[in-house]
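Data first, discussion second: the structure below is written as structure tokens.
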Amino acid sequence: MIGQASAETLADTLVAAYRNSALIEQNRAVLRAADEDVASAVAQLRPVVQWIAGHTISRKEGATTLRTTSLGLSAEMVLYDWGRSQLAIDGAKEQVLATRQALVAIEQDVLLTAAQAFFGVREATEQVALQQNSVKLVSQERQAALDRFEVGEITVTDVALADAQLAEGQASLAAAQGDLEVARETYLAAVGKKAGTLSAPPPLPKLPKNLDAARAIAQKNHPSILQAQRTAAAAELAVAAAAAERNPSLSGSLSAEIVGMNNAETGGYDQPIDGSVGLSLSQTIYSGGSLSAAHRKAMAQRDQARASLLNVARQVSQQVGTAWSNISVARAQIGAIDQQISAAQQAYDGVREEASLGARTTLDVLDAEQSLLEARADKITAEANLQLAHYQLLAAMGLLTVEHLKLGIPTYDPSQYYNAVRNAPRTSKQGESLDRVLRAIGKGN
């Protein structure tokens with residue numbers, strides 16, 4: 001009971017993979033960078049304020065040295081650009097939503113890889129136990145063959161056959177142990193920690209009522225499809241933004257400057273204050289064809305995004321169909337293998353009994369034992385394939401997430417960082433809020 005209580009469940013494995021994944025952390029940073037693109041687009045509608053300070057010394061031959069010191073403040077702002085900046089903001093927001101879905105897709109990949117590693121270690125462990133039991137049985141058969149050889153019931157050939165079968169079993173055991181070590185290394189890479197004692201998998205997830213229902217769920221929920229939809233929407237906005245580049249732009253400017261210079265006549269230091277306010281309306285009349293080329297390029301990229309959306313939807317549909325078929329195949333295999341094991345067990349028991357009466361040879365016994373071993377090994381593999389196929393189907397439907405699996409751990413909130421930076425924070429209060437967000441996701445000091 002103690003060993004069972006301390007065993008790691010599949011849920012433990014998935015939680016560890018989610019928490020330890022460097023790939024997820026990498027793509028969270030990619031998302032935060034996309035969030036900053038929204039802030040950059042918002043900043044285009046705000047004034048640009050600059051201060052300028054200067055000091056010059058000039059002297060002409062026969063004239064007094066002139067010293068001039070200036071300090072100025074200027075501000076410039078786009079007042080109206082006929083929608084260009086707003087289109088840029090909307091496009092950046094769509095890219096943020098697309099990147100969020102990309103992060104969900106990465107989460108699914110990480111969890112599916114972890115589940116595959118879990119089932120891999122479980123299968124390899126069971127195969128080792130099966131081969132160990134086989135070596136034990138063949139050792140007993142070999143000893144029985146030696147005993148019968150000593151009393152003259154069988155020949156040395158029967159003993160040699162038992163020796164060969166034992167050596168083959170030991171080789172298979174060594175291979176199974178090697179496969180287990182490889183599976184453990186795969187688990188370490190996928191989960192971020194070594195595999196301990198793994199408990200039996202939980203009950204299989206519920207399936208939709210049919211394949212069409214599964215495909216409908218996938219088309220609605222799969223993050224790759226949702227990402228492609230957002231990317232297509234961003235591409236549509238990019239076309240409108242490229243067209244808007246032909247529109248005029250109205251800007252306003254404000255400047256003030258204090259200029260101090262020495263006065264040769266009075267010997268004093270004059271400090272006049274200069275100021276100006278201005279409006280500027282501009283529009284590109286001819287750009288050598290660059291605006292037209294940019295517009296055509298945006299339309300081509302929009303067509304690319306639309307085609308990509310269709311392609312992704314088809315790929316997801318294929319993934320659902322493949323996973324559904326794998327479940328059906330694994331179930332059919334398990335049913336057939338159960339019958340095979342029952343028949344092989346009955347044959348093995350009968351051959352052993354007949355061999356003890358001298359009606360069967362040692363080779364017959366070894367062949368019957370090998371058939372039973374292969375059937376049991378096939379069942380272990382089929383059961384692992386069935387379990388994995390269910391989680392592959394969940395991933396294909398877009399449901400292999402921490403939230404849907406109800407793993408009971410805090411998850412990353414992508415809106416938290418976005419809300420902190422979407423208005424391009426500048427003040428210390430906003431900066432402190434941003435620092436708290438960074439510390440909450442483990443990136444602060």
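The shortest distance between side-chain heavy atoms of Ser74 and Leu254 does not fall below 4.5 Å. You'll find the side chain of Val329 stays beyond 4.5 Å of the side chain of Asn385, heavy atoms only. Side-chain atoms of Leu111 and Glu107, non-hydrogen and from C-beta on, do get closer than 4.5 Å to each other. In this structure, the side chains of Arg28 and Tyr412 come closer than 4.5 Å at one or more pairs of heavy atoms. Residues Leu279 and Leu79 meet the side-chain proximity criterion, which asks for heavy atoms closer than 4.5 Å. Contact of the Leu73 side chain with the Gln50 side chain is not registered, since no non-hydrogen atoms from C-beta on lie closer than 4.5 Å. Residues Val402 and Ile409 form a side-chain contact, since some pair of their non-hydrogen atoms from C-beta on lies under 4.5 Å apart. In this structure the side chain of Pro47 never reaches within 4.5 angstrom of the side chain of Glu76, judged on heavy atoms.
The shortest non-hydrogen separation linking Ala183 to Val121 is O-CG2, 3.5 Å. Residues Pro248 and Arg84 approach most closely at O-NH1, 3.7 Å, considering heavy atoms. Looking at every heavy atom in both residues, Leu250 comes nearest to Trp82 through N-CZ3, 4.2 Å. Nearest heavy-atom pair across Lys220 and Leu226 is O-CD2, 3.8 Å. Heavy atoms only, all atoms of each residue included: Gln108 and Gly398 are closest at OE1-C, 2.9 Å. His295 approaches Ala243 most closely through the heavy-atom pair NE2-CB, 3.9 Å.
Residues Gln345 and Arg376 bring a donor and an acceptor atom of their side chains to less than 3.5 Å of each other. Side-chain contact, Gln370 with Glu374: a donor N or O sits under 3.5 Å from an acceptor N or O. For Ser249 and Tyr80, the side-chain atoms include no donor-acceptor pair closer than 3.5 Å. Side chain to side chain, Ser276 and Ser255 meet the donor-acceptor criterion of an N or O pair below 3.5 Å.
At least one donor-acceptor pair under 3.5 Å links the side chain of Asn210 to the backbone N or O of Ala213. Side chain of Ser21 to backbone of Tyr18: no donor-acceptor contact under 3.5 angstrom is found. Between the side chain of Arg46 and the backbone N or O of Val78 there is no donor-acceptor pair closer than 3.5 Å. In this structure a side-chain-to-backbone donor-acceptor pair under 3.5 Å is present from Arg184 to Ala195. Judged by distance alone, the side chain of Ser85 and the main-chain N or O of Asp81 form no donor-acceptor pair under 3.5 Å. The main-chain N or O of Thr9 is found under 3.5 Å from a side-chain atom of Asp12 such that the two form a donor-acceptor pair. Judged by distance alone, the side chain of Asn133 and the main-chain N or O of Ala129 form no donor-acceptor pair under 3.5 Å. Thr284 contributes no side-chain N or O that, together with a main-chain N or O of Ser287, makes up a donor-acceptor pair within less than 3.5 Å. Side-chain N or O atoms of Ser199 include one that pairs as donor or acceptor with a backbone N or O of Glu8 at under 3.5 Å. Gln283 places a side-chain N or O within 3.5 Å of a backbone atom of Arg246 that can act as its donor or acceptor partner.
Applying the side chain to side chain contact (heavy atoms under 4.5 Å, CB included) criterion to Ala377, with sequence neighbours excluded, gives Gln127, Leu130.
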- Task: Evaluate the criterion side-chain contact (heavy atoms from CB on, under 4.5 Å) for residue pair Asn221 and Met397; output intermediate values, then yes/no.
- Result: CA-CA 7 Å; Asn221 294 286; Met397 292 190 297; over 6 Å; no
- Message: Ser40 vs Asp37, test: side-chain hydrogen bond (donor to acceptor under 3.5 Å, both in side chains). Steps then yes/no.
- Response: CA-CA 5 Å; Ser40 297; Asp37 288 338; 5.0 Å; no
- Yes or no on side-chain contact (heavy atoms from CB on, under 4.5 Å) for Tyr417 and Leu31, after CA distance, side-chain angles and deciding distance? CA-CA 9 Å; Tyr417 186 90; Leu31 176 57; over 6 Å; no
- Could you walk me through whether Ile327 and Leu204 pass side-chain contact (heavy atoms from CB on, under 4.5 Å), step by step? CA-CA 11 Å; Ile327 291 174; Leu204 294 174; over 6 Å; no
- Given side-chain contact (heavy atoms from CB on, under 4.5 Å), test Glu403 with Thr411 step by step and report yes or no. CA-CA 8 Å; Glu403 182 179 3; Thr411 56; 5.5 Å; no
- Query: Taking it one step at a time, do Arg32 and Glu36 satisfy salt bridge (charged side-chain N to carboxylate O under 4.0 Å, His left out)?
  - Reply: CA-CA 6 Å; Arg32 293 196 295 273; Glu36 297 292 355; over 6 Å; no
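To the nearest 0.5 angstrom, Glu236 atom CD is 12.0 Å from Thr231 atom OG1. Between the CG atom in Leu10 and the CZ atom in Arg122 there is a gap of 10.5 Å [rounded to 0.5 Å]. Considering CG of Leu281 and OG of Ser251, their distance stands at 8.5 Å, rounded to 0.5 Å. Rounded to the nearest 0.5 Å, atoms CD (Gln116) and CD (Gln392) are 6.5 Å apart. How far CD1 of Ile106 is from CG of Leu23: 4.5 Å, rounded to the nearest 0.5 Å. Distance check, rounded to the nearest 0.5 Å: CZ of Phe119 to CG of Leu198 gives 10.5 Å.
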List, one per line, each side-chain donor-acceptor pair under 3.5 Å for residues 307-315, sequence neighbours excluded.
none

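Annotation: Gln177, atom CD; neighbour count of heavy atoms from other residues, nucleotides and ligands within 6.0 Å is above 12. Residue Gln132 qualifies as enclosed at atom CD: its count of foreign heavy atoms under 6.0 Å is above 12.
Using a cut-off of 4.0 Å between Lys/Arg side-chain N and Asp/Glu carboxylate O, Arg422 and Asp35 are scored as not salt-bridged.
With a 6.0 Å cutoff to the six-membered ring centre and a 45° limit on the axis angle, Arg100 counts as a cation-pi contact of Tyr418.
When each of Asp179, Leu180, Val128, Ile380 is tested with Glu123 by the rule side chain to side chain contact (heavy atoms under 4.5 Å, CB included), just one qualifies, namely Ile380.
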